[in-house]
Engineer: 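One structure, pasted below without further comment.
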Amino acid sequence: MKADFHKYQAQTTPHPLALEVSNAQGSYIYDTDGNAHLDFVAGVSACSLGHCHPKVVQAINEQSQQYLHVMVYGEYIQEPAVSYSKMLASYLPENLETTYLVNSGTEAIEGAIKLARRVTGRSQLLAAHHAYHGNTMGSLSLMGFEERKQPFRPLVPDVAFIEFNSTEDLNKITTKTAAVVLETIQGGAGFIMPRQGYLQQVRKRCDEVGAVLILDEIQPGFGRTGKLFAFEHYDITPDILVIGKGMASGLPVGAFVASFEMMQQLRENPKLGHITTFGGNPVIAAACLATLREITESQIIKQTLEKEKLFRKLLVHPLIKEIRGKGLMLAMLLENVEIANYLVLEAAKKRLILFWLLFEPKAVRISPPLTITDDEIKKGCHQIIGLLHNYETASVN
């Protein structure tokens, strides 16, 4: 299987971890030898309710018995997508009432920036340095990391950058700006939190010049930070909300959400202003609905902040310089890159799944399923501290 994997499936890195998966359940992924691997990554924040949550699996099974894909997005009334969009709106501010369902986070970003340009009649897009919004051409154009963009230029024109958390840079938002696109919490940069009042100042500046504020909640959304959406921590509301990853507990999905009035701009002049064949797929929408119900009707969101406290209490070691993030969107900042690489790779040998962040090489991500238990947290953290002790001892000797 490994030989076939390397030959027939396109690779994204020279040395993938290549864990051969048999099945997965809860907080564990099982390899083909029957070994259980404790998952502190959750498919990079995608498996909100863990692996194969029974309510999500039930929703998938029931919908798959009724119908699968029947028509391109937006033409037929399909109950799972309608019910999900309506329920989502009930948890969002009034101006975020209409949802456009797509297939991934990066596709949602593409739709959002198209909508912003359509609504404002402007072309300039502002993003943040060290931003990550996806890898399709529009999203890549917003990426604030030149070495990853250079091989694929030319990209979408009229994109400029501001420094995240810099109030001085807000004067770059002008009457030429169609949209400011920000991650509510910067992910690939190392889980950088917005400073107190920063997002409110961005919101105020966008209002002053008539620019659209797009918040990317693809990673922090759906309870991961202790609120349903991270922007709720900061007393602001975006004009367009972009979501994905954890919204279907492991199935491919994304969406952008805006006011009913704004979304009308995609209906005509031209018609089919944004289209997708498989967006709103009924099976995936059913999984989204089951996920949203479980997250909002249980104690999961409240428990997320308690689990954060447990992680911070247990992950104390001289080689851990900082723990960034909020809720179960955490990153350990290690002393150097070598230690971060050692920890991820040695943890894998101990059957603890950790992973890196895109742009901060000294960071190790901790984004487990929201359903992870206290005992599982204690088990994984004990392994992490043990590995760091081993590294420290080996370095001294």
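If you read the sequence from its start, that first residue is 1, and numbering goes on from there.
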Engineer: Using salt bridge (charged side-chain N to carboxylate O under 4.0 Å, His left out), reason through Lys271 and Glu268 one step at a time and then give a plain yes or no.
Structural biologist: CA-CA 4 Å; Lys271 292 180 180 179; Glu268 53 189 339; over 6 Å; no

Engineer: Residues two or more places apart in sequence or in another chain: which of them pass ring-ring contact (aromatic ring centres under 6.0 Å, His included) with His382?
Structural biologist: none

Engineer: Under 4.5 Å between side-chain heavy atoms, counting indirect links through other Ile/Leu/Val/Met/Phe/Trp/Tyr residues: same cluster for Leu358 and Val181 or not?
Structural biologist: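 No; Val181 is not reachable from Leu358 via cluster members.
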
Engineer: Given Glu308 and Lys326, is the salt bridge (charged side-chain N to carboxylate O under 4.0 Å, His left out) satisfied, shown in steps?
Structural biologist: CA-CA 7 Å; Glu308 175 192 355; Lys326 196 168 185 65; 5.2 Å; no

Engineer: In terms of side-chain heavy atoms, does Ser22 have a donor or acceptor partner in Thr32 at a distance below 3.5 Å?
Structural biologist: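 The answer is no; no qualifying pair exists.
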
Engineer: Below 6.0 angstrom between ring centroids: does that apply to Phe256 and His274?
Structural biologist: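 Phe256 vs His274: aromatic centres under 6.0 Å.
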
Engineer: In a check of side-chain contact (heavy atoms from CB on, under 4.5 Å) between Leu140 and each of Leu155, Val156, Ile109, which one passes?
Structural biologist: Leu155

Engineer: Is the backbone of Ala36 close enough, under 3.5 Å, to the side chain of Arg351 for a donor and an acceptor to pair up by distance?
Structural biologist: no

Engineer: Side chains of Thr106 and Thr136: do they bring a donor and an acceptor to under 3.5 Å?
Structural biologist: yes

Engineer: Backbone N or O of Ile173 within a donor-acceptor pair of the Thr177 side chain at under 3.5 Å?
Structural biologist: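 Side chain of Thr177 to backbone of Ile173, a donor-acceptor pair under 3.5 Å: no, none is there.
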
Engineer: Could you check whether any side-chain N or O of Lys172 sits under 3.5 Å from a backbone N or O of Ile162, counting only pairs where one atom can act as donor and the other as acceptor?
Structural biologist: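 No, because the side chain of Lys172 does not come within donor-acceptor range (under 3.5 Å) of the backbone of Ile162.
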
Engineer: Flag yes if more than 12 heavy atoms outside Arg312 fall under 6.0 Å of its CZ atom; otherwise flag no.
Structural biologist: yes

Engineer: Are Phe161 and His129 close enough that their ring centres sit under 6.0 Å apart?
Structural biologist: yes

Engineer: Any ion pair linking Glu208 and Lys204 (charged N to carboxylate O, less than 4.0 Å)?
Structural biologist: yes

Engineer: Output yes when a side-chain donor or acceptor of Asp158 lies under 3.5 Å from a complementary backbone atom of Gln124, and no otherwise.
Structural biologist: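 Indeed, once roles are kept as given, a pair shorter than 3.5 Å links the two residues.
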
Engineer: For residues Tyr132 and Asn135, is any side-chain donor paired with an opposing acceptor at under 3.5 Å?
Structural biologist: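 Distance-only check passes for Tyr132 and Asn135.
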
Engineer: Is a salt bridge present between Lys309 and Glu306, judged by a nitrogen-to-oxygen distance below 4.0 Å?
Structural biologist: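 Salt bridge flag = yes for Glu306 with Lys309.
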
Engineer: Charged N to carboxylate O under 4.0 angstrom, Lys362 versus Glu335?
Structural biologist: no

Engineer: For a quick check under 3.5 Å, do Asn103 and Thr276 share a side-chain donor-acceptor pair by atom type?
Structural biologist: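 The criterion, which ignores hydrogens and geometry beyond distance, is satisfied for Thr276 and Asn103.
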
Engineer: Determine whether Glu217 and Lys245 satisfy the following criterion, salt bridge (charged side-chain N to carboxylate O under 4.0 Å, His left out), listing intermediate values before the conclusion.
Structural biologist: CA-CA 9 Å; Glu217 293 251 0; Lys245 281 195 184 293; over 6 Å; no

Engineer: Salt bridge between Asp239 and Arg203, side-chain N to carboxylate O under 4.0 Å?
Structural biologist: yes

Engineer: Determine whether the aromatic ring centres of Phe40 and Phe311 lie less than 6.0 Å apart.
Structural biologist: yes

Engineer: So, using ring-ring contact (aromatic ring centres under 6.0 Å, His included) as the criterion, who are the partners of His233 when residues are at least two apart?
Structural biologist: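 Partners of His233 under the ring-ring contact (aromatic ring centres under 6.0 Å, His included) test: none.
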
Engineer: Is the CD atom of Glu168 crowded by more than 12 outside heavy atoms at less than 6.0 Å?
Structural biologist: no

Engineer: Looking at Gly138, is its backbone amide N or carbonyl O close enough to the side chain of Glu110 to form a donor-acceptor pair, meaning the two atoms are under 3.5 Å apart?
Structural biologist: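 Yes.
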
Engineer: Counting only heavy atoms not in Glu94, do more than 12 sit closer than 6.0 Å to its CD atom?
Structural biologist: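 No, CD of Glu94 has 12 or fewer neighbouring heavy atoms, counting only those of other groups under 6.0 Å.
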
Engineer: Mind checking whether Phe164 and Tyr198 have ring centres under 6.0 Å apart?
Structural biologist: yes

Engineer: Which atom names give the shortest non-hydrogen contact between Ile185 and Ala230, and what distance separates them?
Structural biologist: CD1-CB, 4.4 Å

Engineer: Taking atom OH of Tyr67 as the centre, report whether more than 12 heavy atoms of other residues, nucleotides or ligands fall under 6.0 Å from it.
Structural biologist: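 Correct, the count exceeds 12.
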
Engineer: Output all residues satisfying ring-ring contact (aromatic ring centres under 6.0 Å, His included) with Phe222, sequence neighbours left out; order by chain, then residue number.
Structural biologist: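 Residues passing ring-ring contact (aromatic ring centres under 6.0 Å, His included) with Phe222: Phe229.
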
Engineer: With a 4.5 Å cut-off on side-chain heavy-atom distances among I, L, V, M, F, W and Y, is there a chain of contacts connecting Leu387 to Leu345?
Structural biologist: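 Same cluster.
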
Engineer: Taking 4.0 angstrom as the limit, do Glu376 and Lys379 come out as a salt bridge?
Structural biologist: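 The answer is no: the pair does not qualify as a salt bridge.
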
Engineer: Do Glu62 and Gln66 meet the criterion of a side-chain donor-acceptor pair at a distance under 3.5 Å?
Structural biologist: no

Engineer: Ring pair (Phe, Tyr, Trp, His ring centres under 6.0 Å), that's the test. Do Tyr73 and Tyr100 meet it? Break it down for me.
Structural biologist: CA-CA 9 Å; Tyr73 182 78; Tyr100 197 123; 4.5 Å; yes

Engineer: Answer yes or no: is there a donor N or O on one side and an acceptor on the other, between the side chain of Arg117 and the main chain of Ser123, under 3.5 Å?
Structural biologist: yes

Engineer: Side-chain donor-acceptor pair under 3.5 Å between Asp31 and His37, yes or no?
Structural biologist: yes

Engineer: For the residue pair Ala255 and Ala108, what are the closest heavy atoms and their distance?
Structural biologist: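 In terms of heavy atoms, the two residues are closest at O-CB, 3.4 Å.
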
